[in-house]
Amino acid sequence: MISRKKKIGLALCGGAARALSHIGVLKVLRDLGIKPDAVSGTSMGAIVGSFYCTGTPLEGLEEYVHNMDWRTIMLFSDITLPKMGIINGRRVEKILEQFLKDKTFEKCCPQFCCVAVDMIKQEKVVLCSGDLVDAVKASISIPGLFSPVTMGKMVLVDGGVVEPLPTEALGMFDVDLTIAVAISTERQRDLSEYYKQISNIKEENRFMGSLKKLIGKRAKNNYPNTYEILNTSFNIIQREMTRRYIQQADIIIEPKVGDYGFFDFQKGSEIINKGLLAAQEKIPELKKKLRV
């Protein structure tokens with residue numbers, strides 16, 4: 001009897017800057033000769049997944065992350081006060097168009113899908129056909145930060161609201177084995193030192209300056225400030241919601257990125273390396289289960 005080659009699904013979680021670790025994981029999988037048959041992404045995982053599935057070279061993507069001022073381009077210079085979000089998404093859309101212009105789900109290889117949430121019907125939506133730019137933009141539209149994306153009769157926001165780790169979304173594809181990349185939010189360094197660094201952030205940081213005006217003054221004496229409270233809250237929400245979906249994975253890769261904040265895009269190279277290290281630790285398991 002001839003054994004059929006296992007079809008591999010890869011689920012990439014959200015996590016803003018922390019999810020840049022997916023790039024490191026993908027590099028290790030590539031070097032092992034492991035190419036997924038299908039990829040699902042939520043939020044930042046949708047960005048990395050869509051770029052990968054449309055043929056963007058990983059080294060080129062890594063270089064882009066290293067050279068660009070992501071704080072300014074993706075988030076920080078676009079702070080505004082629109083009706084549905086405090087961050088203007090024009091700059092984000094320009095980045096997506098640079099990599100995904102005129103590309104559709106149908107052109108993806110491997111197959112790709114991303115997760116969003118319809119605020120009208122209050123239910124999860126798995127996007128897998130049509131234009132990639134609008135779909136990915138919907139998947140990353142964090143409620144309250146980015147404005148929702150209107151698509152037909154749907155008003156879509158970040159898929160992390162319901163499925164931060166999109167293992168369930170892979171069910172729409174014919175896969176036999178699921179690899180999940182779920183970021184670890186556990187800190188590796190002393191927490192009080194982190195608070196000290198956060199409280200000492202210079203005012204010339206345009207985002208922090210704007211954010212402080214919106215949500216109040218930073219705390220003193222190294223007590224968690226509002227930025228840190230928001231960051232920790234995101235950690236707790238993502239960790240608790242991920243538990244359900246991580247059980248559906250056969251192989252779990254967990255980059256240890258708890259020392260990085262959701263908005264630490266300027267530390268992208270370090271975060272990518274964390275993904276690479278986490279995947280390297282899983283090489284024996286990958287070889288065994290995938291018979292590489």
Side-chain angles (χ1 to χ4, degrees), residues 9-23 25-26 36 38-58 60-62 64-65 68 70 73-75 78 84-85 87-119 124-152 154-170 172-173 181 183 238 262-263 265 268:
L10 177 65
L12 303 177
C13 72
R18 295 168 170 179
L20 292 173
S21 55
H22 296 326
I23 298 172
V25 172
L26 287 167
V39 176
S40 61
T42 293
S43 199
M44 192 64 189
I47 290 183
V48 176
S50 63
F51 290 179
Y52 170 74
C53 292
T54 52
T56 301
L58 295 175
L61 187 53
E62 184 174 13
Y64 184 88
V65 170
M68 299 304 294
W70 281 63
I73 292 178
M74 286 201 69
L75 298 170
D78 272 357
M84 294 185 287
I87 296 176
N88 189 314
R90 287 192 301 271
R91 292 183 181 271
V92 179
E93 191 167 358
K94 287 182 180 179
I95 293 175
L96 295 179
E97 289 178 348
Q98 179 179 341
F99 286 91
L100 302 175
K101 186 177 181 180
D102 299 326
K103 294 181 180 178
T104 64
F105 284 94
E106 290 75 16
K107 295 180 181 179
C108 289
C109 184
Q111 294 175 292
F112 175 69
C113 70
C114 60
V115 180
V117 176
D118 181 10
M119 299 300 289
K124 178 176 70 177
V125 177
V126 180
L127 301 169
C128 59
S129 63
D131 181 71
L132 276 170
V133 171
D134 287 343
V136 174
K137 187 178 178 182
S139 186
I140 66 171
S141 293
I142 302 171
L145 292 182
F146 289 102
S147 297
V149 174
T150 300
M151 193 176 294
M154 299 184 294
V155 177
L156 303 174
V157 298
D158 194 316
V161 171
V162 293
E163 192 175 354
L165 179 64
T167 51
E168 189 172 275
L170 280 173
M172 66 182 307
F173 299 121
V181 186
I183 59 176
Q238 182 160 27
F262 274 77
F263 301 126
F265 290 97

Which value, rounded to the nearest 0.5 Å, describes the distance between [X] atom [atom1] and [Y] atom [atom2]?
{"X": "Leu10", "Y": "Thr167", "atom1": "CG", "atom2": "OG1", "result": "11.5 Å"}
{"X": "Ile23", "Y": "Phe51", "atom1": "CD1", "atom2": "CZ", "result": "9.0 Å"}
{"X": "Glu106", "Y": "Cys128", "atom1": "CD", "atom2": "SG", "result": "8.0 Å"}
{"X": "Tyr52", "Y": "Cys109", "atom1": "OH", "atom2": "SG", "result": "9.0 Å"}
{"X": "Asp131", "Y": "Lys101", "atom1": "CG", "atom2": "NZ", "result": "11.5 Å"}
{"X": "Gln98", "Y": "Glu93", "atom1": "CD", "atom2": "CD", "result": "13.0 Å"}

Report yes or no: does [X] contribute a side-chain atom to a donor-acceptor pair with the main-chain N or O of [Y] at less than 3.5 Å?
{"X": "Thr150", "Y": "Val155", "result": "no"}
{"X": "Glu163", "Y": "Ala169", "result": "yes"}
{"X": "His22", "Y": "Ala46", "result": "no"}

Any side-chain heavy-atom pair from [X] and [Y] closer than 4.5 angstrom?
{"X": "Met44", "Y": "Leu20", "result": "yes"}
{"X": "Met154", "Y": "Val125", "result": "yes"}
{"X": "Leu132", "Y": "Cys53", "result": "no"}
{"X": "Leu127", "Y": "Met151", "result": "yes"}
{"X": "Val126", "Y": "Met172", "result": "yes"}
{"X": "Ser40", "Y": "Cys113", "result": "yes"}
{"X": "Val157", "Y": "Asp118", "result": "no"}
{"X": "Phe112", "Y": "Ser50", "result": "yes"}

Check [X] against [Y] and note the closest heavy-atom contact, atom names and distance.
{"X": "Cys13", "Y": "Ala19", "result": "O-CB, 3.8 Å"}
{"X": "Phe173", "Y": "Ala38", "result": "CD1-CB, 3.5 Å"}
{"X": "Lys107", "Y": "Lys103", "result": "CD-CA, 4.5 Å"}
{"X": "Gly15", "Y": "Phe262", "result": "O-CD2, 3.5 Å"}
{"X": "Gly9", "Y": "Leu170", "result": "C-CD1, 3.7 Å"}

Parallel, tilted or perpendicular: ring planes of Phe99 versus Tyr64, cut at 30 and 60 degrees
perpendicular
Apply side chain to side chain contact (heavy atoms under 4.5 Å, CB included) to residues Thr42 and Leu165 and explain how you reach the verdict.
CA-CA 7 Å; Thr42 293; Leu165 179 64; over 6 Å; no
Does Ser43 have any side-chain hydrogen bond (donor to acceptor under 3.5 Å, both in side chains) partners at least two apart in sequence or in another chain, and if so, which?
Asp158
Verify side chain to side chain contact (heavy atoms under 4.5 Å, CB included) between Leu156 and Val117, making sure each step is shown before the conclusion.
CA-CA 5 Å; Leu156 303 174; Val117 176; over 6 Å; no
Worked check of side chain to side chain contact (heavy atoms under 4.5 Å, CB included) between Val115 and Lys124
CA-CA 7 Å; Val115 180; Lys124 178 176 70 177; 3.7 Å; yes
